[in-house]
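Notes follow the structure.
Please read all numbers here as calculations on a predicted model, not as lab measurements.
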Amino acid sequence: MLASRSWLSRPLHERSTRLFLGVLIAALAVVSLLNLALPAGHPLHVSTYTVTLLGKYLCYALLAVAVDLVWGYLGILSLGHGAFFALGGYAMGMYLMRQIGDRGVYGDPVLPDFMVFLDWQSLPWYWHGFDMAWFALLTVLLAPGLLALVFGFLAFRSRVTGVYLSIITQALTFALMLAFFRNEMGFGGNNGLTDFKELLGFDLTADATRLWLFLATGMALALGYVLCRAIVASKLGRVCVATRDAEARTRFLGYRVERFQLFVFVVSAMLAGVAGALYVPQVGIINPGEFSPIFSIEIVLWVALGGRGTLYGAVIGALLVNYAKTVFTGVMPEAWLFALGGLFVLVTVLLPKGIAGLLAYRRPRRADPDPSTTPGEASA
Amino acid sequence: MNFLTSLADRDRVFDFLVPVDSPVDVRHGPILYLEDVTVSFDGFRAIDRLNLTIDDGELRCIIGPNGAGKTTMMDIITGKTRPDTGQVWFGSRHNLLTMNEPAIASLGIGRKFQKPTTFEALTVFENLELAMAADKRILPTLTARTTGEIRARIEEVMTTIGLVELRHRPAGILSHGQKQWLEIGMLLMQRPRLLLVDEPVAGMTEQEMERTAELLTGLAGQQSVVVVEHDMGFVRSIARTVTVLHQGSVLAEGSMNQVSMDPRVVEVYLGAEADEEVA
Ligand SMILES: Nc1ncnc2c1ncn2[C@@H]1O[C@H](COP(=O)(O)OP(=O)(O)OP(=O)(O)O)[C@@H](O)[C@H]1O
Ligand SMILES: [Mg+2]
């Protein structure tokens, strides 16, 4: 246990991680303060609407970190991480649906509205248990985790990597989208799950709940970031980088490469699931659109723009692109995809290492304590 | 067979902390022994009734024209290629023909391939760290700590291969020669008893060659080293015993001087080489 504590706490000794956490926590505090302390008319007041919007961005940031973990460090370009995000979201959505109770339009104490509408007599078996928060939270981790485990086991065992893997991850999320669109699946079909009332007994429309959700997302991002940093800074992280750059050589050194890939892939999928679960109560809906292949590609673009293989770059990319998206879709929604595409081309040409690459230039080399020396020093 | 699997088992976390007690038994003779080994590829005999003996701690050079079977010989020793007939023994106890590649590697036979592959994005230190004998399952790797002993071992190897100054530089920026040394260092991290090195100085500068010669001669004694090399100047500078391979079998064996005076060797190999040197 002592050993495992030390690998997890290792990032807390890194300057870059401390800086990241400091900025994040300061931002959370400032937003909360500006939301709570200032009257609604004040020019610096942050409205609850904005708080929720920021909370949504933070969910995307966590999702981007999950993608960067597998893409940046393991070299696995997943174009299907939206599926893990959506599964986590659906698990949360099912819990929120059951929380509605008899307050739905049809007033059925057990069945969600869409089931009543479809004339279903009883709850499908896989909806059982979702009235319990612990069960739903477990599913938030296990549903994406299990999918990643099965999918990854098959893919990595037969050494499917590179473009082929990217393509089948797209196929995976596309297939799930089609499945979730079907009413018979029992996930609300086209409309998805919505009209949520409360979470853990708290009113979802209340300002305080929204602020708490925002803060919870910020904490989840902080924890997810530290977990990923801990993985990346461990010897396992170096095995990942070795696998990314020379898979056969790594295998030759005696590492069971496919198991390392599977492990990291599953961790990443679970993080994506958590991001999805936090996203749903804030936006108030989950529908099959989250499974769309385009969404998964967008996530990769955030990471590429922010700077692959740095983790904080993924966060910066997700925040900036989604802020730009909000602004843009407000002004001229049709042009957003073109703007995104153009931005991507520009950055790949001018900033191949993304925004993080730009930041790294400005910092002196090796500002971080060296990963290979810190652990020993930390333990000494 | 039980004994062999227990050898392949890597439960002990810090193997290298245990005093070198390789299970190889060299009390009664050589560390490597090949007898009457033959391999055919589609009827073509790449190795033809080859006999070879390497003593414990010896540095042996193997030369021979292209296609003589040098690389194939290494493939046989490391278990990559199975001979049609013959015997291959590691010490007096281990019949290598009954073992697979990982088992042979964990017995202490390390091999450097012709083309060096290091992990470019990782530092010299990290490259050596990954190569170290250790528990290579997921959780032990995740929680592994770079203890003082591990660090000391890596320092030692970095000193041997002359890359101490470059410890924190990524392997990608190393020169070709430095990458070759790093690769040898990665082999040393596993504390091999026998090192097989295929064409170490191809593409090296004069200076790098000299350093490599020092490195390899320095290694001999602690471990046995078998070097396959084309460069005659290099072989002359390190060789104690030279084996000349031709058409899959030993043509001559002895000191560099003896061998280079052997008329058959001059004819098939050194002759051509000598012409080149004169030219
Ligand atoms: N897998 C194989 N299938 C068919 N032929 C092979 C195979 N491996 C080696 N050979 C042949 O066996 C012969 C010996 O090859 P080998 O690579 O051992 O030579 P070498 O002495 O290492 O030569 P070089 O100095 O060029 O490296 C060559 O004629 C080669 O074409
Ligand atoms: Mg060869």
List the atom of K136(B), the atom of Y255(A), and the distance in Å for their closest heavy-atom pair. CG-CE2, 3.4 Å

Minimum-distance pair of heavy atoms, taken over all atoms of S6(A) and R145(B): OG-CD, 3.5 Å

Exercise answer: donor-acceptor pairs, residues 150-161 of chain A side-chain atoms, under 3.5 Å, sequence neighbours excluded:
{"from": "S158(A)", "atom 1": "OG", "to": "L154(A)", "atom 2": "O", "distance (Å)": "2.6"}

Could you give the distance from CZ (R256(A)) to OG1 (T141(B)), rounded to the nearest 0.5 Å? 12.5 Å

Kindly state each residue pair satisfying ring pair (Phe, Tyr, Trp, His ring centres under 6.0 Å) with at least one member in residues 223-242 of chain A, sequence neighbours excluded. F20(A)-Y225(A)

Please name the residue in the list V239(A), T250(A), V241(A) that meets the side chain to side chain contact (heavy atoms under 4.5 Å, CB included) test with F119(B). T250(A)

Is the closest side-chain heavy-atom distance between L130(B) and K235(A) below 4.5 Å? yes

Could you check which of G237(A), A246(A), A242(A), S234(A) has the highest count of heavy-atom pairs closer than 4.5 Å to chain B? A242(A)

CG of L253(A) to CE of M186(B), rounded to nearest 0.5 Å, is 5.0 Å

Got a sec: does the CZ of R259(A) have more than 12 other heavy atoms crowding it under 6.0 Å? no

Nearest 0.5 Å please: distance from the CZ atom of F260(A) over to the CD1 atom of I138(B). 5.5 Å

Return the minimal non-hydrogen interatomic distance between R249(A) and T117(B), and the atom names on each side. NE-O, 2.9 Å

